[in-house]
Each structure stands twice: as structure tokens, then as C-alpha cells.
Amino acid sequence: MNKNFYTDLRKNYVEKDYFDKKTITVNYYQVDDIINNRDRVYIISSLRTDSEEQKINKFINDCNKRLQSRIEESNPYSNKWQIFYLYKELFQFFSNEYNYFRGQPHDYPLLPGILRESGKSFDSKYRTDFENVYKELSNEFPEKIEYVNLGKNESDLSKRAYQLSLLQHYGLITSLLDVTQNPYIALLFMLSGDYQKYQEPAFYLFSIDDKEKSLFEQVKKNKANERIIAQKGAFLNFDKINLNEKNNLRKIPMIKIVLKFDNKAYEKIVQKDKDVISTINNFEEGGEEYIEMIKQREEDIEKKKVRCIQNIKRELTDKLEEYFYFEEDLFPDFENRVQYLMRKYKSDKRKLTFE
């Protein structure tokens, strides 16, 4: 195998060669007049899509009409659309075509760990060393891991994918990307970030036909990889690109849903605030005091954005627990359950093991 395969793949990979992507953006903004800390601090302002599909556009337009009618109600807390129920409607709308899901706490590129930007997680040298690391582990622990070369046929790739799923189970970064058949499990993983800073969570829906050639990989499930069973999981196997048959690989239809703070909608609310307008008018535009005031406003908005996304995380988590979806249930094996429990008590909470 070419030891630079993963380095070259990261340079040359183009998402649109393997996925047919449509994006839906869910815009929301801060509500200022909060009664107590358990109140919902956000309002969904609009949905936007880059899709040209008539059916999707009609659905988005219908959602926006309902959103607008609720926003215009006199009582700001009456009947506002909770994000959990919006997700639920989206799942139901796409349920006939989309059968696998993935949640990410950040809107980073849809890539397996080994192809992501190196930095805190690993050094870029890991990509070139990966095959040696894999071989070493198989030599030291032959009862747990078998080395399978990155071959040129599907049978080898499937065998290798199973072994990589075990390595990923134990925490090694690989070329596999987790997906699940259960959208609510994917939501749990979307909420796995610490959310101490503003971030834009992304949720993916995939339309996968396992009878056609694509990046999709269903590995065998047994006691050695209980996590996959608990998470109703499968993978997108980026090793398949080694076959150099991208023209023969079916593009996977994909919907990406992104949560985004609506700066324009929030700005409109601020502009209606007479105190804010009066304060702005007191300073000469471009002067030191004016610049300082603008900086202070930007910092204030950033705090509101963080508060909003934290509120959304808490609200979604509470709702999932009402339906008996708990993070700890995703870790049925002893080692991962212990790691999960320890993570709950660490000040630096790492994300869940869902690569």
C-alpha cells in the first residue's frame, strides 16, 4: 500500500464526487425578555435551503409560513416552535427516502477522523504512519486485531473495514465515518459537544441503498463491537476510494441540516430598542467611544449566541430523555461505559466516541 494514501486522499478528495448534497439552514435568534433560566431563550426565525427540488421547497415554504404566523402572535412564549419538534417534522418528511443519519456538534467537513485537519487530535504524521501503527497492533495483539492490507477488491475492503471498526471502537482514528439508522441516536451525538463557545451543529440524513456500490459499509456485528449494535450503526468507508472507481460509486443523496444564529433577525430587534439607538446617537461614528461601544455590542451578541445554543442543547437533551434516549445507553461495553462515566466528571469534557 502507498503509505501516503491518506495524505493524498485528503488533498484530492472532493465531496461532490461521492455525495449529492442539499442543505437546509435553521435560523434562530435570541429572545431578550426572559422570565427565568428555564425559559426558552430562542425563536426559530426561518428555514432556508439551496435545494431546487420542488417538493423540498414547498415543505420549507410551508414551515416558514407557520413560523411567521407564530412569531407575529402577541404572546412571545405562546406556541413557539421548539427545535426538537422541527427536527421531528424534518425526519418524518424525509423518512421515505433517507434511512441513515449522523449528528455533529460542529459544522466541520463530513470526513472520517484520519482525513480531518490535524491539530489537537493528532499530528499530521499519523496519516503516513497509520498502516505501520495498524500492523504493529495486529502483531502485538493478534487475538484482537488482524491486519488486512488496503487491497483492490471489495472483499478485502470489507474485511479491513471490520478490523478498522474494532480499532475505532478502542479509540484509534481511522478512515471510517459512523452513521446510524436511528435519527434520535444521531441527535444525541450532535449534542455531544461542550457548547462553551458558539457553534453550529450539523445533522445529516443519507439515502442509502446497500445493494448499490457507494461509500456505505455495513460491518458484521458481534460481541467484539457491541457499540455498533447499541448505536444501530454502520459506516461510510473512505478506503473504498482506493479502488479508483469513483465513477462506479453511486453518489449518496444527502441532506445537511445546520443550526445557525440569525444575526439579521436579531439586529432588527436591537434596532427597535430606543435605548440602544439613543446610546449610538450619543457617540461620533468612528470615534474611540463609538468603536468601544460597537465592540461591547459584538461581545454581548456573542454571549447571547452561546446562551442560545446552550439552551437548545439542554432543551433537546431533556426532550430525548423524555423519550428514553440517554447517552450512557450508547456505551454497552465495560471499557467505553467506564470512559463515559469518567468523562462526565472531567472539567475538560471530550466528545463522544462517534467518529
Determine whether Q168 and T174 satisfy the following criterion, side chain to side chain donor-acceptor pair (under 3.5 Å), listing intermediate values before the conclusion. CA-CA 6 Å; Q168 190 156 295; T174 77; 2.5 Å; yes
Please evaluate residues L320 and L188 with respect to the criterion side chain to side chain contact (heavy atoms under 4.5 Å, CB included), reporting the C-alpha separation (whole Å), side-chain torsions for both, the decisive distance (0.1 Å), and the verdict. CA-CA 8 Å; L320 285 167; L188 279 177; 3.7 Å; yes
Any carboxylate oxygen within less than 4.0 angstrom of a Lys/Arg side-chain nitrogen, looking at K135 and E146? no
Name the one of D239, I241, L236 that satisfies side chain to side chain contact (heavy atoms under 4.5 Å, CB included) with S175? D239
With respect to Y147, which candidate in E131, Q163, R160 satisfies the side-chain hydrogen bond (donor to acceptor under 3.5 Å, both in side chains) definition? E131
Determine whether K264 and Y29 satisfy the following criterion, side chain to side chain donor-acceptor pair (under 3.5 Å), listing intermediate values before the conclusion. CA-CA 9 Å; K264 287 183 179 178; Y29 61 91; over 6 Å; no
Salt-bridge criterion met for E52 and K22 (N-O under 4.0 Å): no
How about F84 and Y323: are their ring centres within less than 6.0 Å of each other? yes
Other residues, nucleotides and ligands only: do more than 12 of their heavy atoms fall within 6.0 Å of CD on Q92? yes
Nearest heavy-atom approach of P253 to Y98 is O-CE2, 3.6 Å
Close side-chain approach of F5 and L150, heavy atoms under 4.5 Å: yes
Output for pair (Q196 CD, I309 CD1), nearest 0.5 Å, gives 12.5 Å
Checking N61 side chain against N57 main chain: does a donor-acceptor pair fall under 3.5 Å? yes
Using the rule that Ile, Leu, Val, Met, Phe, Trp and Tyr join whenever any side-chain heavy atoms are under 4.5 Å apart, tell me whether V14 and Y18 fall into a single cluster. no
For the NZ atom of K240 and the CG atom of N242, what is their distance to the nearest 0.5 Å? 12.5 Å
If you measure from CD1 on I56 to OG1 on T49, what distance do you get to the nearest 0.5 Å? 6.0 Å
Under the rule for salt bridge (Lys or Arg N to Asp or Glu O under 4.0 Å), what residues qualify as partners of E136, not counting sequence neighbours? none
Under a plain distance cut-off of 3.5 Å, with no hydrogens placed, do N182 and Y325 share a side-chain donor-acceptor pair? yes
Is it true that E302 and K305 make a salt bridge, defined as a side-chain N closer than 4.0 Å to a carboxylate O? yes
Please check: side-chain N/O of S214 versus main-chain N/O of L249, any donor-acceptor pairing under 3.5 Å? no
Shortest non-hydrogen separation from N64 to S46 and the atoms involved: OD1-CA, 3.4 Å
Are D210 and Q218 close enough, and set up right, to give a side chain to side chain contact (heavy atoms under 4.5 Å, CB included), and what steps lead you there? CA-CA 8 Å; D210 57 11; Q218 184 78 267; 5.5 Å; no
With distance as the sole test, does N153 use its side chain to make a donor-acceptor pair with the main-chain N or O of D156 at under 3.5 Å? yes
In sequence, state the C-alpha distance, the side-chain angles, and the governing distance for D262 and S45, and then conclude on side chain to side chain donor-acceptor pair (under 3.5 Å). CA-CA 7 Å; D262 191 337; S45 56; 2.7 Å; yes
Are Y6 and F238 close enough that their ring centres sit under 6.0 Å apart? no
Any heavy-atom pair between the side chains of L9 and L115 that's under 4.5 Å? yes
Any side-chain heavy-atom pair from K256 and R102 closer than 4.5 angstrom? no
Answer whether the closest heavy-atom distance between the side chains of L47 and I44 falls below 4.5 Å. yes
Residues I114, F130; criterion side chain to side chain contact (heavy atoms under 4.5 Å, CB included); working and verdict: CA-CA 9 Å; I114 202 167; F130 175 79; 3.8 Å; yes
May I ask you to check whether D129 and N132 show a side-chain donor-acceptor distance below 3.5 Å? no
For the student: nearest non-hydrogen atoms of L110 and M254, plus distance: CD2-SD, 3.4 Å
Could you tell me whether the side chain of K144 and the main chain of S138 form a donor-acceptor pair under 3.5 Å? no
Please name the pair of heavy atoms, one in A234 and one in E217, separated by the smallest distance, quoted to 0.1 Å. CB-O, 3.7 Å
Donor-acceptor contact below 3.5 Å, side chain Y134 vs main chain N149: no
Side-chain contact, heavy-atom cut-off 4.5 Å: Q199 with P105? yes
Dump the intermediate steps for side chain to side chain contact (heavy atoms under 4.5 Å, CB included) on F261 and E200, then the final yes or no. CA-CA 8 Å; F261 189 89; E200 296 175 354; 6.0 Å; no
Nearest 0.5 Å, what's the CD1-CZ distance between I24 and F203? 11.5 Å
Which heavy-atom pair separates Y195 from P201 by the least distance, and what is that distance? OH-CG, 3.4 Å
Student check: side-chain heavy atoms of L86 and V26 closer than 4.5 Å: yes
Just say parallel, tilted or perpendicular for the rings of F91 and F101, cut-offs at 30° and 60°. tilted
Minimum-distance pair of heavy atoms, taken over all atoms of R250 and S207: NH1-O, 3.2 Å
Is a side-chain N or O of Y108 found less than 3.5 angstrom from the main chain of R116, in a donor-acceptor match? no
Point-to-point distance, once rounded to the nearest 0.5 Å, from CD1 of I43 to SG of C308: 9.5 Å
Run the salt bridge (charged side-chain N to carboxylate O under 4.0 Å, His left out) test on R66 and D62 for me, step by step, so that the C-alpha distance in whole Å, both residues' side-chain angles and the decisive distance to 0.1 Å come before the verdict. CA-CA 6 Å; R66 285 187 283 160; D62 176 60; 3.3 Å; yes
Would a 4.5 Å heavy-atom cut-off, applied to side chains only, mark Y42 and Q30 as touching? no
Row check, F93 ring normal vs K55 NZ/CZ: under 6.0 Å, within 45°: yes
Side chains of E315 and R40, heavy atoms from C-beta outward: is any pair under 4.5 Å? yes
Surrounding NZ of K319 (heavy atoms of other residues, nucleotides or ligands, distance under 6.0 Å), is the total greater than 12? yes
Quick one: does N12's side chain have a donor or acceptor within less than 3.5 Å of a partner on D8's backbone? yes
Tell me whether V258 is reachable from I255 by hopping between hydrophobic residues (I, L, V, M, F, W, Y) whose side-chain heavy atoms are closer than 4.5 Å. no
Nearest 0.5 angstrom please: L187 CG to T180 OG1, how far? 10.5 Å
